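Comments concern the structure below.
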Amino acid sequence: LRSIFFHWTIYLCLCLKLEIEESLSRIYSKQPRIRIPLKTDSPNSFENFEIKGDDIEVDLTPNLLEFESVLSNAALVLTKNNEDSHWIDFEPEAEGTEGKGLYLSEVKVQGEIVYSEKIQISIVLPTPTVFESNQTIYNHGTPFLAISGEHFNKKRTELYFDPPLSEGDDFIMNVVSSSKIILTKQSTLNGNLLSWRTNNSPGPLKLKGINTGGGRVALNLS
């Protein structure tokens, strides 16, 4: 069976030619995987296939980490071997808007080139980080709340709280820099501050997620 599969793979790669469209989709540098949609002009008998492991080689620019590749008739999927590694490295002070291009330059199956044109497959953004804080605030009496971290985006930053808070209705957000956000509590019509915990009970205010342009990032802050 192994011999049959080997010869089938060789025959497939000789007939296979990948077609990949340029993508400017935004991802984070620590995103676990990248899915690259593709089209093939392979015969109908190859409509459903999967190639992975040592049978496939993928070259990226820049190429800063180790990853596993899986090629099917629908997509090329790249998955990082180390969850803490980055598709592209950024300095800690980098702005959340500082996207960099990630390019695919070559794909080989069983040593045979099935794709060899440099093409952009994503715009990589620095992954936002929020530093945990145990600061004590008053539910109604504290007008401002500071959030510290890395790679905040002055043009687009969305915060997700527990209990829920809504920007505009409950607070006004000012992204001061890539490392600091100031929230100002909204007031009622008679000038009283709204509560930070919308259920009006004392307790922790948790930041559960943040989005700086590449989608929501879950935060596991206690």
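Every value quoted in this text rests on a predicted model; they were computed, and no experiment measured them.
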Quiz item: Closest heavy-atom contact between I210 and P128?
Solution: CG2-CG, 3.9 Å
Self-check item: Derivation and outcome, side-chain hydrogen bond (donor to acceptor under 3.5 Å, both in side chains), residues Q110 and D55
Solution: CA-CA 5 Å; Q110 285 285 344; D55 290 327; 2.4 Å; yes
Exercise. Answer whether the closest heavy-atom distance between the side chains of L159 and M173 falls below 4.5 Å.
Key: yes
Quiz item: Got a sec: does the CZ of R156 have more than 12 other heavy atoms crowding it under 6.0 Å?
Solution: yes
Quiz item: Looking at side-chain heavy atoms only, is the closest gap between R216 and Y160 below 4.5 Å?
Solution: yes
Quiz item: Cation-pi between K185 and W196: NZ/CZ under 6.0 Å from ring centre and within 45° of the ring axis?
Solution: yes
Quiz item: Do I34 and L102 touch side chain to side chain, with heavy atoms closer than 4.5 Å?
Solution: yes
Quiz item: Would a 4.5 Å heavy-atom cut-off, applied to side chains only, mark L60 and W87 as touching?
Solution: yes
Exercise. Find out whether the Lys NZ or Arg CZ of K100 is both under 6.0 angstrom from the six-membered ring centre of F90 and within 45° of the ring's axis.
Key: yes
Self-check item: Over 12 foreign heavy atoms within 6.0 Å of CD, E83
Solution: no
Quiz item: So, D59 and Y103: side-chain donor and acceptor under 3.5 Å apart, yes or no?
Solution: no
Self-check item: Side-chain heavy atoms of H151 within contact of S178, under 4.5 Å
Solution: no
Quiz prompt | Listed partners of S23 passing side-chain hydrogen bond (donor to acceptor under 3.5 Å, both in side chains), at least two apart | solution = S25
Quiz prompt | Min side-chain heavy-atom separation F171-L183 under 4.5 Å | solution = yes
Quiz item: Going only through I, L, V, M, F, W and Y residues with side-chain contacts under 4.5 Å, is there a path from I20 to V70?
Solution: no
